[in-house]
2 protein chains.
Amino acid sequence: MRLYVERGYEQTTVADIASEAGLTARTFFRHFADKREVLFAGSEFLRDAVVKSLAGVPATAEPMQAVAVALDATAELLGRDHRHSRLRQSVIMATAELRERELIKMATMAALMAEGLRERGVPARDAALAAESGAVVLRVAFEQWVEGPADADLRAVMRDTLARLTAVTGAGFS
Amino acid sequence: MRLYVERGYEQTTVADIASEAGLTARTFFRHFADKREVLFAGSEFLRDAVVKSLAGVPATAEPMQAVAVALDATAELLGRDHRHSRLRQSVIMATAELRERELIKMATMAALMAEGLRERGVPARDAALAAESGAVVLRVAFEQWVEGPADADLRAVMRDTLARLTAVTGAGFS
DNA sequence: GTCGGTGATGTCATCACGTGACATCACTGG
DNA sequence: CCAGTGATGTCACGTGATGACATCACCGAC
C-alpha cells in the first residue's frame with residue numbers, strides 16, 4: 001500500500017514489494033494470486049458477512065428489504081476505518097487495472113446476494129435486479145462516504161442512498 | 001474470436017492470433033491495446049450512441065426516463081446480431097479477465113450517462129444512481145436476451161426489465 | 001518519372017507478470 | 001531424535017507488453 005501510494009501502482013514492481021518485505025517475488029505470488037490482489041485480500045470477510053446476514057432475514061421480506069439488511073452488514077464492516085478506506089480508494093481509482101478488479105469483486109458480491117435471494121424463492125431476474133441494485137447503492141454510498149468527513153456514518157449514508165435509489169427509479173413510472 | 005472459441009481465451013497466445021492473420025505480435029499490439037481489447041473494439045459506437053440519445057431527451061424529463069431512452073438506443077445497436085452476441089458472451093463469461101474488462105466498459109458507459117444527466121441539472125448522486133441502474137438493466141436484460149430465442153427483441157426485454165427494476169426497488173419502500 | 005513523406009509492418013531487445021519444479025530450512029508432534 | 005509439514009528461496013521458462021529502429025508500399029507534389 002505504501003509503495004502503491006508513493007510511486008503509483010504501475011511503477012511498483014512485484015520485486016519492489018517483495019524486497020521491501022524482505023522476501024522474494026516468488027513468495028509474493030504464493031500469498032497473492034496477482035499483483036492486484038494484495039489490495040483486495042480480506043474481501044472474503046465482506047462476502048461472508050453479506051451471505052450470513054442475508055440468511056438471517058425472514059423469508060417473507062421483500063427482496064429489496066433483504067438486500068437492505070445485507071447492506072447494513074457490509075456498512076458495519078466497511079465503515080470502520082475511514083482513513084484507510086480513503087487511501088485505498090484513491091489508489092484504486094487512479095488505475096484502470098485496479099478499478100477492474102474492484103468491479104469484479106462487487107459483481108461477485110452481487111452474484112452471491114442474488115443466489116441468496118433465489119434460494120429464498122425470489123425469481124431469478126428479480127433476484128439479479130435487487131442484488132445488482134444493492135451493489136449500486138453500496139458503490140455510490142461508499143464513494144460519497146469516502147469523500148466526506150471522517151466521522152460520517154456509512155450505514156446512514158447507505159440508507160439515504162437506498163432511499164434515493166427508490167425515488168429515482170420510481171419517478172416517472174407510476 | 002474463432003481461436004478464443006476453439007481453444008479458449010487463455011490458451012490462445014497473441015502470437016497465435018497474429019500469425020493466423022498473417023501478421024506479427026508486434027502488429028497486433030499496434031491495433032489493440034491488449035489481448036482482451038480485440039473483443040471489445042467497437043464499443044465506442046455504443047458509447048457515442050448513448051451519449052447522443054441522452055442529449056436528445058428534453059431536459060424536463062425525469063432522469064430515469066432519460067436513461068430509458070438511452071437504453072432503447074443501445075438495444076437498437078446491441079440487439080442486431082443474436083448469434084454473434086451469444087458467441088461473444090460465452091467467451092467473455094468463461095474468463096474472469098474478460099469479465100473484468102466487460103464490467104469496466106459498462107462502468108464507463110454508466111459514468112458517461114451520469115455525466116450527461118448532471119449536465120441536464122440532475123444532482124450528482126441521483127445521476128449516478130439512475131445511470132448505474134440503467135447499466136444494471138442493460139446487463140440483466142442483455143443476459144436474458146442472449147440466453148433466449150434468436151428472434152426475441154432486445155428492446156422489449158429491456159423495457160420489461162426496467163419495469164421490473166422499478167417494481168423490485170419500490171416494493172417495501174412506500 | 002522521381003522525390004520525399006507517411007503509414008503500416010517487421011525485427012530486435014527488454015521488462016514485468018506469473019508458474020512449475022526442485023532445494024532448503026525451521027518448526028513440531030511422536 | 002526423526003519424520004513430516006509448511007514457508008521460503010532458486011532457477012528456468014512462457015507470455016504479455018513496449019520502445020527503438022529498419023523496411024517497404026503507396027501517394028501527392030514537382
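Letters go in sequence order (proteins before strands), and every chain restarts at 1.
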Engineer: So is R36(A) actually on top of Y9(A)'s ring, under 6.0 Å and inside 45° of the axis?
Structural biologist: no
Engineer: Kindly state which residues belonging to residues 28-39 of chain B come within less than 4.0 angstrom of DNA chain D, counting heavy atoms of the residue only, listed by number.
Structural biologist: F29(B), R30(B), A33(B), D34(B), K35(B)
Engineer: Are a donor atom and an acceptor atom from the side chains of T169(A) and T169(B) found within less than 3.5 Å of each other?
Structural biologist: yes
Engineer: Any sub-3.5 Å donor-acceptor pair from T13(B)'s side-chain atoms to D16(B)'s backbone N or O?
Structural biologist: yes
Engineer: At a heavy-atom distance below 4.0 Å, what parts of residues 14-27 of chain A sit against DNA chain C?
Structural biologist: V14(A), R26(A)
Engineer: State the CZ-CD distance between F29(B) and E37(B), to the nearest 0.5 angstrom.
Structural biologist: 12.0 Å
Engineer: Please confirm whether the backbone N or O of G79(A) pairs with a side-chain atom of W145(A), one donor and one acceptor, at under 3.5 Å?
Structural biologist: no
Engineer: Would you mind checking if R2(B) and E6(B) are paired as a salt bridge, meaning a charged N to carboxylate O distance below 4.0 Å?
Structural biologist: yes
Engineer: Could R139(B) and E102(B) be called an ion pair, given the rule that one side-chain N must be under 4.0 Å from one carboxylate O?
Structural biologist: no
Engineer: Please list, for nucleotides 25-27 of chain C, all pairs of protein and nucleotide N/O atoms separated by less than 3.5 Å.
Structural biologist:
none

Engineer: Could you pull out the closest heavy-atom pair between S133(B) and L165(A), with the gap in Å?
Structural biologist: OG-CD1, 3.2 Å
Engineer: Within 45 degrees of the ring normal and closer than 6.0 Å to the centroid, is that where the cationic atom of R88(A) sits relative to F40(A)?
Structural biologist: yes
Engineer: Counting only N and O atoms by type, is there a donor-acceptor contact under 3.5 Å from the side chain of R120(A) to the main-chain atoms of P58(A)?
Structural biologist: yes
Engineer: Which residues in residues 90-105 of chain A have a heavy atom closer than 4.0 Å to any atom of DNA chain C?
Structural biologist: none
Engineer: Could you list the residues that satisfy side-chain hydrogen bond (donor to acceptor under 3.5 Å, both in side chains) with E44(A), not counting sequence neighbours?
Structural biologist: none
Engineer: Under 4.0 Å between a Lys/Arg side-chain N and an Asp/Glu carboxylate O for E147(B) and R86(B)?
Structural biologist: no
Engineer: Looking at V146(A) and S85(A), what are the two nearest heavy atoms and their distance?
Structural biologist: CG2-CB, 4.0 Å
Engineer: Need two values: the first and the last nucleotide of DNA chain D, 5' to 3', having an atom under 4.0 Å from any heavy-atom of chain B.
Structural biologist: dT15(D) to dA20(D)
Engineer: Looking at R99(A) and M93(A), would you say the former's side chain and the latter's main chain have a donor-acceptor pair under 3.5 Å?
Structural biologist: yes
Engineer: Using modelled atom types only, decide if a donor and an acceptor are shared between the side chain of H82(A) and the backbone of D153(A) within a distance under 3.5 Å.
Structural biologist: no
